[in-house]
Amino acid sequence: MPSERDTRVNGPVGDARSFTLDSDGFACSLVCEEPEVWRVELRMDRTFLPDVNVHVVRDGDEALIVDTGTWDDYNDTRLMRALARLGVDPARATVFITHSHDDHAGLARELASAGARILMSEQALADLRAFSSPDYLRFMAGRLVTEGSDPVVAEKLARTIWTRRADFTLDGFEAEAVRPHDRIACGRWGFEVLPTPGHTPGHCALWLPERSMAFTGDALLFACSTFICFWRGVPDSLGLQLGTLRTLSGLGIERAFLGHGRQEGSLADRAAANIAHHERRGSRALEAVRRSPGRSGRELVCDLGWRAVGAGGLDAVAPLTRWFICAESAAHLDHLVELGSVRRVPDAGGVARYYPE
């Protein structure tokens, strides 16, 4: 005879608007009725964010899954359990991945193996291929060295975030590339692929203008400010992110379904607050350069107002958090260089020094 937990976890959805996926409390909840959208909460390891969202759109016999969550020992079971309860056959589903980070593309292999069609933007697919290569690890560590970090420390920090997952084509299946402004159908609904670069070069949202709603991935979050890194071949990733925030703000989005957490108030207000946040940090960086010209990026980090840097200084911060801090600080300095507010001059050892214009 099934236990109460087996019935609660494995039974049919029926009229339920929410059901748990396991005894740890991860859940699947109806978050929009027209179109029908379910939010699947999956475990998020290593960062302060407790979970990552997968969204499932249903219309008749068709289903669109937005992002896949990250791989761990149980997330694939949680996700497949949610799809089974929702009556979604992965072999008849389309998956759209907003960007190439492993917490959003991590279960793509599992869904593809179950027959799902996997879609990504052309640039997001290129990002995935690039980020998983050892050459990209060397690039990330090298940038930190250029900013003044010790080479051994720089490689350690870069390894905390490096995507080890192989290119999809080497995993035995291929993701299909879609282009900006292509439409992805799910029953009666057609979602527009909207470029939202910044968090990654190929980040895209899905936009449904007739319902004033969008799946925004990590382009904008309410739980925290979206992390911005430097990217190879991208001179100003922060500038791209600021442009994305202004674009999202101007679309009139009333319902946003996020990569992490939930919408808490006006998306336009949140975008404006996030822009102001970055501008304040940029102002601190510029003031620090003017106050002490010729310092390296590593020496400037602590002047940018990072809350995680306490009395022990940057070296006392946990490696993953330190990577976030150092990488986004470099992105801020890139932005000031692109604005023409500061200039970057390598010293005799190849370390970048910053001077006011």
Side-chain angles (χ1 to χ4, degrees), residues 101 127 129-164 197-201 225 227-242 278-357:
H101 284 159
D127 293 344
R129 290 169 175 157
F131 296 168
S132 63
S133 70
D135 181 58
Y136 217 88
L137 171 64
R138 290 189 289 270
F139 160 73
M140 293 190 296
R143 175 62 195 273
L144 295 188
V145 171
T146 299
E147 294 300 321
S149 290
D150 174 83
V152 174
V153 172
E155 181 169 350
K156 176 183 178 181
L157 297 184
R159 281 189 179 277
T160 65
I161 199 68
W162 179 46
T163 302
R164 295 174 176 82
H199 182 59
T200 63
S225 173
F227 166 61
I228 307 301
C229 184
F230 51 82
W231 303 115
R232 184 166 55 191
V234 178
D236 185 9
S237 55
L238 178 57
L240 291 178
Q241 175 65 9
L242 294 173
H278 287 304
E279 289 177 342
R280 285 193 298 273
R281 200 175 297 284
S283 294
R284 293 190 191 105
L286 181 56
E287 180 184 347
V289 171
R290 288 172 173 167
R291 185 170 60 248
S292 301
R295 287 195 290 168
S296 69
R298 171 65 175 75
E299 292 167 331
L300 289 164
V301 165
C302 291
D303 289 321
L304 270 64
W306 297 102
R307 293 181 184 177
V309 180
L314 186 61
D315 291 338
V317 177
L320 181 61
T321 303
R322 207 185 327 165
W323 160 261
F324 289 146
I325 290 172
C326 290
E328 188 159 323
S329 294
H332 272 280
L333 291 169
D334 285 347
H335 186 56
L336 292 176
V337 169
E338 286 298 307
L339 291 176
S341 300
V342 305
R343 68 182 185 276
R344 181 188 289 123
V345 180
D347 65 15
V351 173
R353 304 285 172 177
Y354 293 90
Y355 298 87
E357 289 287 12

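One finds the OG atom of S329 at 8.0 Å from the CG atom of L314 (value rounded to the nearest 0.5 Å). Between C229 atom SG and W231 atom CH2 the span is 4.5 Å, to the nearest 0.5 Å. How far CG of L336 is from CG of L286: 5.5 Å, rounded to the nearest 0.5 Å. Going from atom CG of L300 over to atom CD of E287 covers 11.5 Å, rounded to the nearest 0.5 Å. Taken to the nearest 0.5 Å, the OG atom of S149 stands 8.0 Å off from the CD atom of E147. Interatomic distance, Y355 OH to R343 CZ, rounded to the nearest 0.5 Å: 7.5 Å.
Within the 3.5 Å criterion, the main-chain N or O of G142 finds a donor-acceptor partner in the side chain of T146. A donor-acceptor pair is defined here as one N or O able to donate and one able to accept, closer than 3.5 Å; no such pair exists between the side chain of S292 and the backbone of V289. Proximity of a side-chain donor or acceptor of W323 to a complementary backbone N or O of A318 within less than 3.5 Å is not detected.
Annotation: ring pair (Phe, Tyr, Trp, His ring centres under 6.0 Å) contacts involving residues 136-160, sequence neighbours excluded, comprise F131-Y136, Y136-F139, F139-F230.
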Kindly determine whether L242 and H335 satisfy side-chain contact (heavy atoms from CB on, under 4.5 Å), including the steps that lead there.
CA-CA 10 Å; L242 294 173; H335 186 56; 3.7 Å; yes
As a quick check of understanding, evaluate ring-ring contact (aromatic ring centres under 6.0 Å, His included) for H332 and H278, giving each step before the final call.
CA-CA 8 Å; H332 272 280; H278 287 304; 5.6 Å; yes
Between D334 and R143, is the salt bridge (charged side-chain N to carboxylate O under 4.0 Å, His left out) condition met? List the steps.
CA-CA 12 Å; D334 285 347; R143 175 62 195 273; 2.8 Å; yes
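Residue V145 comes nearest to P151 through the heavy atom pair CG2-CA, 3.7 Å, listed as atom of the first residue, atom of the second, then distance. When all heavy atoms of K156 and P319 are compared, the closest pair comes out as CE-CG, 3.9 Å. For the pair A288 and D303, the tightest heavy-atom approach, listed with the atom from each and the gap, is CB-CB, 3.7 Å. Counting all heavy atoms, side chain and backbone alike, Y354 lies closest to G297 at CE1-N, 3.7 Å. For V317 against V309, the heavy-atom pair with the smallest separation is CG2-CA, 4.1 Å. The heavy-atom pair separating P201 from P197 by the smallest distance is O-CB, 3.3 Å.
Every residue meeting the salt bridge (charged side-chain N to carboxylate O under 4.0 Å, His left out) condition with R353, not counting sequence neighbours, appears here in chain and number order: E299, D347. For E338, the side-chain contact (heavy atoms from CB on, under 4.5 Å) criterion is met by P235, D236, not counting sequence neighbours. Residues passing the salt bridge (charged side-chain N to carboxylate O under 4.0 Å, His left out) test with R138, sequence neighbours excluded: D135. Applying the salt bridge (charged side-chain N to carboxylate O under 4.0 Å, His left out) rule to R298 yields the partners D315; only residues at least two apart in sequence or on another chain are considered. Residues meeting the salt bridge (charged side-chain N to carboxylate O under 4.0 Å, His left out) test with E328, sequence neighbours left out: none.
Within the 4.5 Å cutoff, no side-chain heavy atoms of S341 are placed close to those of P356.
At least one cation-pi condition fails for R322 and W306: the charged atom is not both under 6.0 angstrom from the six-membered ring centre and inside a 45 degree cone around its axis.
For the residue pair H101/H199, the side-chain donor-acceptor check at 3.5 Å is satisfied.
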